[in-house]
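Inspection log for the structure reproduced underneath, given as structure tokens.
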Amino acid sequence: RSKFEGKNQYQIYSPMMNVNSLKMFTLKNDLKKAIVNEEFLVYFQPRINPKTFEITGAEALIRWKHPKWGIVSPNEFISLAEETGLITNLGEWLIKQVCKQIMGWKGRKLNFKKISINISSLQLFQIDFVDKILAIIKEQNINPQWLEFEITESVIIDREEQVLRTLSELKNVGISIALDDFGTGYSSLNYLRKIPCDIVKIDKSFISDIEVNKETFDILEATINLCKKLNKSVVIEGIETTHQLSIIQKLNCQEFQGYLCSKPLEEDQYIKFLQKGEWMSRGTEGQVQCPS
Ligand code: C2E
Ligand code: MG
Ligand code: MG
Ligand code: MG
């Protein structure tokens with residue numbers, strides 16, 4: 001489907017629509033205007049070293065502050081933005097916004113380490129994507145090592161050669177590349193071989209039954225060993241319980257993300273989190289003890 005196909009495409013409202021399709025319908029029609037009006041917010045979810053509890057960075061996660069529907073999750077509008085081709089504008093807005101925010105943090109001497117940003121394949125398909133990124137980092141005075149781009153294996157299903165070239169160029173600039181949602185696709189090992197990534201983010205579906213399923217644990221352990229052999233750093237997503245954390249602490253994984261530590265936070269709250277310097281023991285109920 002051409003990325004321009006959706007641009008002048010209007011859907012007709014019919015009274016048969018239920019609330020959910022009405023929502024999708026209005027979101028799709030409102031998207032273009034929302035980008036112009038900057039109705040979006042960036043949340044940040046901390047990434048933590050499971051052994052030292054140090055903050056290693058955060059993932060930027062977009063939200064839409066819709067005038068009628070309130071805070072809308074990316075699961076509800078990213079695919080609409082991809083269908084209409086607007087994801088390239090939205091994605092560029094987000095990168096600029098994150099860069100502005102981290103320059104503000106730099107000014108306040110906050111030790112944010114790095115921020116990872118989800119990049120859609122349509123963004124990587126843009127011939128001038130690397131030039132756009134170079135222009136943003138130059139204009140905002142950003143050190144590329146503060147940035148990490150998260151991609152999924154689907155990025156190289158089409159235009160493989162072009163995408164691989166773009167990824168290598170980004171790496172040469174100093175931006176790290178993370179392979180997101182690892183393990184959920186169809187031929188993950190092949191992608192692991194092809195995509196020049198520095199970091200592998202293991203999908204949360206591998207964590208959800210780790211406490212009860214020995215096979216899940218074995219696959220996770222073997223995957224982490226494989227990543228280590230390939231010199232890739234591992235992030236585990238979706239840690240929700242202290243038990244899950246204690247299990248992954250035995251593995252060779254460098255970072256985790258999950259509700260146990262924190263949900264994605266608005267900028268103000270994330271700054272408070274950063275100012276504490278590390279993720280502290282939650283104290284009550286003797287839950288998670290800070291090791292130091
Ligand atoms: P993702 O990149 O895999 O991001 C992780 C998602 O898992 C986030 O959902 C996060 O809130 C959620 N999560 C984190 N810890 C836990 C946990 O312990 N348990 C559970 N159940 N979930 C957890 P979110 O923010 O709703 O984002 C959903 C997806 O939308 C992201 O998945 C990503 O694919 C996409 N997305 C978000 N922001 C952007 C963006 O700026 N650009 C693009 N292209 N996609 C984005
Ligand atoms: Mg991600
Ligand atoms: Mg994702
Ligand atoms: Mg993910």
Side-chain angles (χ1 to χ4, degrees), residues 3 27 31 34-35 38-48 50 57-65 70-99 101 114-126 129 133 147-155 176-185 188 191 197 199-211 223 234-245 247-248 255-267 269-270 273 279 288:
K3 68 183 236 197
L27 291 183
L31 200 52
I35 296 172
E38 303 193 57
E39 286 173 18
F40 299 89
L41 290 171
V42 187
Y43 279 32
F44 298 91
Q45 186 179 38
R47 272 161 58 164
I48 305 289
E59 177 173 9
L61 293 156
I62 198 166
R63 303 288 182 261
W64 182 353
K65 200 172 176 185
I71 301 287
V72 182
S73 141
N75 290 323
E76 293 183 274
F77 66 85
I78 290 293
S79 58
L80 300 177
E82 285 173 338
E83 282 167 33
T84 53
L86 290 168
I87 189 71
T88 51
N89 308 46
L90 186 57
E92 196 175 326
W93 175 85
L94 181 114
I95 296 166
K96 283 185 184 156
Q97 181 63 20
V98 167
C99 289
Q101 285 174 291
K114 66 175 179 193
I115 298 296
S116 70
I117 298 176
N118 293 281
I119 305 290
S120 155
S121 47
L122 287 178
Q123 292 176 271
L124 288 177
F125 290 169
Q126 294 176 288
F129 184 68
I133 299 302
L147 299 180
E148 178 180 301
F149 285 172
E150 296 190 10
I151 56 164
T152 55
E153 35 186 56
S154 63
V155 295
S176 23
I177 305 294
L179 187 55
D180 202 1
D181 305 335
F182 186 73
T184 57
S188 300
Y191 292 109
C197 61
I199 293 134
V200 172
K201 297 189 76 177
I202 298 180
D203 191 71
K204 50 184 173 289
S205 57
F206 283 89
I207 299 309
S208 46
D209 69 346
I210 200 176
E211 290 153 288
T223 304
V234 174
V235 183
I236 295 184
E237 298 193 272
I239 297 293
E240 294 182 352
T241 69
T242 49
H243 188 213
Q244 289 168 342
L245 176 61
I247 293 172
I248 67 146
E255 294 168 75
F256 78 94
Q257 264 177 262
Y259 294 166
L260 173 67
C261 166
S262 171
K263 293 206 165 181
L265 302 170
E266 282 182 74
E267 183 181 19
Q269 285 175 286
Y270 185 62
F273 192 97
W279 175 46
V288 178

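In listed order, ligands and their atoms are each counted from 1.
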For [X], which part has a heavy atom under 4.0 Å from ligand 1: side chain, backbone, both, or neither?
| X | value |
| --- | --- |
| T152 | neither |
| Q257 | neither |
| D203 | neither |
| N118 | both |
| R63 | side chain |
| K201 | neither |
| I62 | both |

**Study point:** Sub-4.0 Å heavy-atom approach of G238 to ligand 1
**Key:** yes
**Study point:** Close approach of K263 to ligand 1, heavy atoms, under 4.0 angstrom
**Key:**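 No; K263 lies far enough from ligand 1 that no heavy-atom distance drops under 4.0 Å.
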[X] heavy atoms, cut-off 4.0 Å: which ligand 1 atoms fall inside?
| X | answer |
| --- | --- |
| D180 | 1 (P), 2 (O), 3 (O) |
| N75 | 26 (O), 28 (C), 29 (C), 30 (O) |
| Q45 | 14 (C), 15 (N) |
| P264 | 11 (O) |
| L94 | 41 (O) |
| E240 | 17 (C), 18 (O), 19 (N), 20 (C), 21 (N) |
| P74 | 24 (P), 25 (O), 26 (O), 27 (O), 28 (C), 30 (O), 36 (N), 37 (C) |

Point to revise | Sole residue of K263, E237, Q257 in side chain to side chain donor-acceptor pair (under 3.5 Å) with Q45 | key: Q257
Review point. Does E148 have any salt bridge (Lys or Arg N to Asp or Glu O under 4.0 Å) partners at least two apart in sequence or in another chain, and if so, which?
Key: R47, K114
Practice item. Check whether any N, O or S atom of D181, backbone or side chain, sits closer than 2.8 Å to the Mg ion (ligand 4). Key: yes
Point to revise | the Mg ion (ligand 4) reached by E150 (N, O or S, under 2.8 Å) | key: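 So E150 does not bind the Mg ion (ligand 4) by this criterion.
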Kindly indicate whether the side chain of [X], heavy atoms from C-beta on, has any atom under 4.5 Å from the side chain of [Y].
| X | Y | result |
| --- | --- | --- |
| E59 | F44 | no |
| Y270 | V42 | no |
| T223 | F182 | yes |

Exercise for review: Could you grab the angle centred on the Mg ion (ligand 2), going from OD1 in N118 to OE2 in E59, to 10°?
Suggested key: 90°
[X] to [Y] - nearest heavy-atom pair and separation:
| X | Y | value |
| --- | --- | --- |
| P264 | Y43 | O-CD2, 3.5 Å |
| N89 | G85 | OD1-O, 4.2 Å |
| N118 | A60 | ND2-O, 3.5 Å |

Practice item. Would you mind finding which of K204, E237, Q123 brings a heavy atom closest to atom 6 (C) of ligand 1? Key: K204
Review point. Of I78, I87, T88, V155, which is the lone residue that meets side chain to side chain contact (heavy atoms under 4.5 Å, CB included) with S120?
Key: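 Between S120 and the candidates, side chain to side chain contact (heavy atoms under 4.5 Å, CB included) is satisfied uniquely by I87.
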Check your understanding: What residue among I239, T241, I247, I236 forms side chain to side chain contact (heavy atoms under 4.5 Å, CB included) with I210?
Key -> I247
Practice item. Please assess W279 against L260 for the test side-chain contact (heavy atoms from CB on, under 4.5 Å), listing each intermediate value before the final yes or no. Key: CA-CA 11 Å; W279 175 46; L260 173 67; 3.9 Å; yes
Practice item. Could you pull out all residues at least two apart from F40 that satisfy ring pair (Phe, Tyr, Trp, His ring centres under 6.0 Å)? Key: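 In terms of ring pair (Phe, Tyr, Trp, His ring centres under 6.0 Å), with neighbours along the sequence ignored, F40 is linked to W64, F77.
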Check your understanding: Please walk me through it: do I207 and E240 pass side-chain contact (heavy atoms from CB on, under 4.5 Å)?
Key -> CA-CA 9 Å; I207 299 309; E240 294 182 352; over 6 Å; no
Review point. What is the OE1(E237)-the Mg ion (ligand 4)-OD1(D180) angle, to the nearest 10 degrees?
Key: 90°
